[in-house]
Novice: 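My structure is below; once you've seen it, I'll send some questions.
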Amino acid sequence: MLEHDAKVLRGAAIPTLVVGGGGTAAFLVFSGTVGVLGALCALLLVLAFFGVSGWAVARLSRRDPNLFMPATLGAFLIKALILAAALLALRTIDPAWIDTTAFAVTSLLCVIAWLGGHVRVLATSKTLHVDPEPSVASGLESRHEST
């Protein structure tokens, strides 16, 4: 993994861990052990989904940069479907061992934290996302300037 990709993943994972830890502490106070289990499950699910998809997109885009956007959109669609399935499955589970409200709220806050951290790192880094190649037009312009 390139240093830039690792920096983006770290920059998104750290705020997510902070928000998830805060959600876990808050639901410990409000819901007890079942709230902690719900919040921790949400935190782990978001970290796993976004971490694995970020790693996969970075690896795939290194092989073929033209696949970056389709891979990103495909990973987003897969994450949304799996998270929706997890939330629907939790509706049918007996809430005695997990607080579904804690799971839903913490997962939403962790997704927002991940996306915010990701955007912040991309906005503040001065990394080229495309390797610049000299174009034919730029070669012609430089010849005209030198004459």
Side-chain angles (χ1 to χ4, degrees), residues 1-139 141:
M1 178 176 289
L2 298 175
E3 177 57 33
H4 174 69
D5 297 328
K7 181 181 176 182
V8 169
L9 287 176
R10 271 192 316 270
I14 291 171
T16 304
L17 286 168
V18 170
V19 168
T24 302
F27 281 106
L28 174 65
V29 172
F30 294 130
S31 302
T33 307
V34 291
V36 169
L37 286 175
L40 282 177
C41 286
L43 174 61
L44 293 176
L45 184 73
V46 170
L47 285 174
F49 277 10
F50 282 89
V52 168
S53 69
W55 174 80
V57 167
R59 185 174 167 97
L60 185 64
S61 66
R62 241 185 316 145
R63 285 189 185 168
D64 186 3
N66 295 328
L67 292 177
F68 176 74
M69 186 58 80
T72 301
L73 293 174
F76 179 75
L77 178 64
I78 290 170
K79 287 185 290 196
L81 292 174
I82 292 175
L83 185 58
L87 290 173
L88 289 174
L90 281 175
R91 285 180 44 189
T92 62
I93 292 177
D94 179 29
W97 70 275
I98 190 170
D99 185 358
T100 56
T101 303
F103 181 86
V105 169
T106 306
S107 64
L108 177 66
L109 293 175
C110 286
V111 166
I112 292 170
W114 183 281
L115 294 175
H118 194 179
V119 167
R120 187 188 67 74
V121 169
L122 291 178
T124 58
S125 68
K126 298 191 190 283
T127 303
L128 295 175
H129 297 284
V130 178
D131 292 329
E133 294 180 13
S135 66
V136 175
S138 66
E141 291 170 0

Novice: Side-chain contact, heavy-atom cut-off 4.5 Å: Leu9 with Val121?
Specialist: no
Novice: Are Phe50 and Val111 side-chain neighbours, meaning at least one heavy-atom pair lies under 4.5 Å?
Specialist: yes
Novice: If we ignore hydrogens and angles and just use 3.5 Å, is the side chain of Thr106 paired with the main-chain N or O of Phe103 as donor and acceptor?
Specialist: no
Novice: Among Leu43, Val105, Leu45, whose side chain to side chain contact (heavy atoms under 4.5 Å, CB included) with Cys110 holds?
Specialist: Leu43
Novice: Under the criterion side-chain contact (heavy atoms from CB on, under 4.5 Å), I'd like the reasoning laid out for Val119 against Leu122: C-alpha separation, chi angles, the key distance, then a yes or no.
Specialist: CA-CA 5 Å; Val119 167; Leu122 291 178; 5.9 Å; no
Novice: Given the rule in the side-chain contact (heavy atoms from CB on, under 4.5 Å) test, do Ile98 and Cys41 qualify, once you have shown the distances and angles that lead to the verdict?
Specialist: CA-CA 9 Å; Ile98 190 170; Cys41 286; 4.0 Å; yes
Novice: What distance do Phe27 atom CZ and Leu40 atom CG have between them, rounded to the nearest 0.5 Å?
Specialist: 12.0 Å
Novice: Considering all heavy atoms of both residues, which atom of Ser107 and which atom of Ala104 are nearest to each other, and what is their separation?
Specialist: OG-O, 2.9 Å
Novice: Looking at Gly117 and Pro15, what are the two nearest heavy atoms and their distance?
Specialist: CA-CG, 4.1 Å
Novice: Does the pair Phe76 and Thr72 meet the rule for a side-chain contact (heavy atoms from CB on, under 4.5 Å), with working shown?
Specialist: CA-CA 6 Å; Phe76 179 75; Thr72 301; 5.7 Å; no
Novice: Minimum heavy-atom separation for Ala102 and Gly35, please, with both atom names.
Specialist: CB-O, 3.5 Å
Novice: Any chance you could measure Ile112, atom CD1, to Leu108, atom CG, to the nearest 0.5 Å?
Specialist: 4.0 Å
Novice: Give me the atom names and distance for the closest heavy-atom approach of His118 to Ala12.
Specialist: N-CB, 3.9 Å
Novice: Mind jotting down which residue pairs meet the salt bridge (Lys or Arg N to Asp or Glu O under 4.0 Å) criterion with at least one end in residues 8-32? Sequence neighbours excluded, please.
Specialist: Glu3-Arg10
Novice: Using modelled atom types only, decide if a donor and an acceptor are shared between the side chain of Thr16 and the backbone of Trp114 within a distance under 3.5 Å.
Specialist: yes
Novice: Look up atom OG in Ser53 and atom CG in Leu77, then write down how far apart they are to the nearest 0.5 Å.
Specialist: 12.0 Å
Novice: So Asp99 and Phe30, side-chain contact (heavy atoms from CB on, under 4.5 Å) or not? Walk me through it.
Specialist: CA-CA 10 Å; Asp99 185 358; Phe30 294 130; over 6 Å; no
